[in-house]
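Sequence lines set the chain letters: A, B, ... in the order given, protein chains first and strands last, and positions in each chain run from 1. Atoms considered below: every heavy atom in the structure, side chains included; atoms not considered: hydrogens, waters and symmetry mates.
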Amino acid sequence: MEARADLSSQDEGSSCLIEGSPNGMAEHQSDLDTMRHSAAHVMAAAVLRLFPGTKLGVGPAIENRFYYDMEIPGGITPDDLPRIEEEMRRIVAENHPFERDEISIDDAIERFRQMDQDYKVELLRDLKERGTTRVGSFEDVDVDPSNSTTASLYKTGEFLDLCRGPHVASSTDIGAFKLLDISGAYWRGDQKRPQLQRIYGTTWPSQADLDQYLWRLEEAGKRDHRRLGRELDLFSVSEDVGPGLVLWHPKGAMVRLIVEEFSRAAHLRNGYEWVFSPHIGRAHLWETSGHLDFYKESMYAPMDIDGEDYYVKPMNCPFHIQIFRSHLRSYRDLPKRYAEFGTVYRYELSGVLHGLTRVRGFTQDDAHIFCRPDQASEEINQALDFSLFVLRSFGLTDFHAYLATRPTEKSVGEDEDWARAIDALRRAVEAHQIPYDVDEGGGAFYGPKIDLKVSDALGREWQLSTIQFDFNLPARFGLEFIGEDGRAHQPYMVHRALLGSMERFLGVLIEHYAGAFPFWMSPVQAVVLPIADRHAEFAGRVVQRLTDTGFRVHLDARRENLNHKIRDAQLQKIPYMLVVGDREAESGSVAVRTRAGENLGAIAMTDLLTRFRDELPEG
RNA sequence: GCCGGCGUAGCUCAGUGGCAGAGCAGCUGUUUCGUAAACAGCAGGCCGAGGGUUCGAAUCCCCCCGCCGGCUCCA
């Protein structure tokens, strides 16, 4: 079985199975994009043939795939996909060249108007008026933004589409394709606009590449944390408790404890002071903080306590602020860094909930730094440094940073503060040589931020760390410190979470390691397997010795044969299997097998302890 | 929340209008075994909830809940 070979290599824990492409095609990425984009055209052509009156939205190539958004009369279901594929094959067989044509925008508007392609007409009007079809972060996929006088059209057989190209030469060149899925997508990403049907497909240069991609998708699915969470008995979500609310089972809780203990110790070593705060607070607090103005839709309904409204906290900041405010602060006291594993509850739309990575109740490794403006740069640098240290300690190395700057709409704070903060963030990212993108205007209204994201098994990006300036709360709560000049000054405030939330982080970790956690994080580090009942007593002593030394070891005393016990331990991804039979009981050793499938033979207990200790991280 | 799909035993799934099934897991018994599944038996179900159509509903219809893939949003 190939699956076995794969299991044995999971210790390597590459973060994303479907990243990149099979057979070293990466260097031809743009060719692949062209092919996929062309396939989207062929797909749209097929849908138009089968469902006359279909109105086209946009149809770009995305990573490994392509899609087209369409308004299809009567709608389609996944059952229609085979028919569409069949029609696509027919169009391919007809060997239509992709022909480019350039006409004036006004002529283009007229042509698409005649074809009743309202969405294309809207795109062209935008292009004409604003020189772009961009809406917010929505990509301009169909037109050339540098050219606002003419529009380029592509014709494939009877199918005509507004498109900036480029395309493959002929419909025969779109490769080995398969339609994958169908979903809803709002026109231009706007909930208030019509919802179109989005058809996803993928295409590759050869059938072998396609097969390999589909296989990779399947393999990626096997390391989906929701599936592993059940198979490894790590966590669950109960319908009776409620969606988006996680129950941590003993093994998952053990991993979480290990993560938390590591993180807490690291914070205490790095200049943070630990604090605790309650889960609810008076309405007044949330009025002052502004959450009831700008965050209310994410907060749960208040509860009445002695005739007064209390809210469950969606954030920890107001509490940490109260701790800061409990004394008059001197400039000599700063920075103050308050850290807490704060459990917060936020209302999330039911459709977005996802395993551990998108939930309604979660625990942040939260901290708030109160500092003087002149300390900001160093604090940011340290926070990012600390963040990278913690993430790397857990084996994550492949992240992408996003620097979010001041929004164009209303925002609070002085220009000078924003500029200084953005500069500090940018220099920190650059100093740490992390690949990053600038998300212009993507900051919160109260301050700029850096986010670190990693990708999950299915290629979806999840935010872990965030480091955000806040020019709003210090003002709202009237925070101050007494400066060297004897006068009151307003401190800078930085929110930061490194792992993000315990839930999301564990979800990402489960996938990163495909459930095969490194030895030091494994909920069960070794299982002792007696061969026959007469070895149970010696096996018990082995377990006791290892447990006394601080390792997490289980005994499998079931009346099953060795093969069965090994298989079960293997499926549970337990790092070490310690077989004890007559020979081992005799010599005071254990026969060691690793989950990678290596049989290390008999090892004396003292040597095993040394080996285990060597596998723990420094300190 | 919106669009689409799906909810049958703890898990994976079969069953499309006529007596609710299989494999694994569980329990009991037998087997005491050397590196990925011993053998046999037993038990296990409000077919997600509620309502409707029908002589008869897991199956058809309505509504609700949940899950999955997206959209939008974020830790």
Side-chain angles (χ1 to χ4, degrees), chain A residues 1 3-4 7-8 67 69 75-80 136 180-200 224 226-227 230-231 233 236-240 242-244 297-298 314-315 342 344 346-359 361-366 444 451-453 458 460 462-466 468 495-505 507-508 529-536 559-571 577-584 591-595 597-602:
Chain A
M1 293 289 287
R4 287 186 190 160
L7 275 179
S8 65
Y67 67 79
D69 287 348
I76 59 166
T77 71
D79 294 339
D80 294 313
L180 298 171
D181 223 334
I182 182 168
S183 72
Y186 296 105
W187 171 236
R188 303 185 117 174
D190 185 346
Q191 282 193 42
K192 290 188 275 297
R193 307 295 306 271
Q195 190 164 39
L196 310 181
Q197 286 196 295
R198 174 172 296 179
I199 306 176
Y200 284 96
D224 188 314
R226 294 166 297 183
R227 174 181 180 146
R230 184 176 57 244
E231 290 174 355
D233 198 14
S236 64
V237 179
S238 158
E239 192 172 331
D240 290 330
E297 67 284 1
S298 294
M315 293 188 190
V344 297
R346 299 181 187 173
Y347 173 71
E348 297 287 349
L349 294 177
S350 61
V352 307
L353 299 175
H354 183 90
L356 292 177
T357 45
R358 193 68 190 276
V359 295
F362 56 97
T363 300
Q364 298 179 299
D365 61 329
D366 206 4
D451 291 332
L452 290 184
K453 303 189 181 186
L458 295 171
R460 290 173 290 219
W462 295 102
Q463 182 175 322
L464 297 180
S465 302
T466 184
Q468 328 186 177
H495 309 250
R496 44 105 292 183
L498 309 186
L499 307 177
S501 82
M502 292 303 162
E503 285 74 10
R504 177 174 295 178
F505 185 69
V508 169
L529 309 176
I531 288 174
D533 287 349
R534 65 177 177 279
H535 309 120
R559 285 166 61 93
E560 291 290 351
N561 62 37
L562 184 62
N563 278 340
H564 195 108
K565 293 179 181 180
I566 285 178
R567 177 182 152 82
D568 286 350
Q570 197 75 51
L571 292 175
M577 285 151 258
L578 310 176
V579 177
V580 301
D582 291 333
R583 301 199 292 269
E584 289 74 21
V592 179
R593 177 193 161 105
T594 69
R595 69 182 159 197
E598 311 160 89
N599 186 347
L600 304 179

(message) What I want to check is whether the side chains of A:R593 and A:Q570 have a donor and an acceptor closer together than 3.5 Å.
(response) yes
(message) Looking at B:C33, I'd like to know if its phosphate oxygens (OP1 or OP2) sit under 4.0 Å from a side-chain N or O belonging to A:R534.
(response)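 For A:R534, the contact criterion (side-chain N or O under 4.0 Å from OP1 or OP2 of B:C33) is met.
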(message) Less than 4.0 angstrom between a side-chain N/O of A:N563 and OP1 or OP2 of B:A36, yes or no?
(response) yes
(request) Classify the side chain of A:Q195 and the base of B:C2 as holding, or not holding, a donor-acceptor pair under 3.5 Å. (result)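 Result: at least one qualifying N/O pair found.
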(message) Counting distance alone, no hydrogens or angles: does the base of B:A36 have a donor or acceptor under 3.5 Å from a partner atom on the side chain of A:R593?
(response)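 Counting by modelled atom types and ignoring angles, a donor-acceptor contact under 3.5 Å is found here.
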Just the rounded figure in Å: distance from [atom2] of [N] to [atom1] of [X].
X: A:L353; N: B:A75; atom1: CG; atom2: C1'; value: 13 Å
X: A:R496; N: B:A75; atom1: CZ; atom2: C1'; value: 13 Å
X: A:E348; N: B:A75; atom1: CD; atom2: C1'; value: 9 Å
X: A:D568; N: B:C11; atom1: CG; atom2: P; value: 18 Å
X: A:I566; N: B:A37; atom1: CD1; atom2: C1'; value: 12 Å
X: A:Q191; N: B:C73; atom1: CD; atom2: C1'; value: 8 Å
X: A:E231; N: B:C24; atom1: CD; atom2: P; value: 17 Å

(message) I'd like the C1' distance from B:U16 over to B:C6, given in whole Å.
(response) 16 Å
(request) Please measure how far the C1' atom in B:C42 lies from the corresponding atom in B:C63, and state the result in whole Å. (result) 41 Å
Write down the partner of [N] under the Watson-Crick or G-U wobble criteria, each distance required to be under 3.5 Å.
N: B:C71; answer: B:G1
N: B:C42; answer: B:G26
N: B:G66; answer: B:C6

(request) Please indicate yes or no: is the ring centre of A:Y200 less than 5.5 Å from the centre of the six-membered base ring of B:G70, with the two planes inclined by under 30 degrees? (result) no
(request) Hey, which sits more toward the 5' end of RNA chain B by its nearest nucleotide, A:V237 or A:R230? (result) A:R230
(message) Counting the atoms with a prime plus P, OP1 and OP2 as sugar-phosphate, which does A:E297 contact under 4.0 Å by heavy atoms, base, sugar-phosphate, or nothing?
(response) nothing
(request) May I ask you to say what A:H354 touches in the nucleic acid, namely base, sugar-phosphate or nothing, with a heavy-atom cut-off under 4.0 Å? (result)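 Touches sugar-phosphate only.
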(request) Ignoring the backbone of A:P78, work out which of B:A36, B:G5, B:G34 is nearest its side chain. (result) B:G5
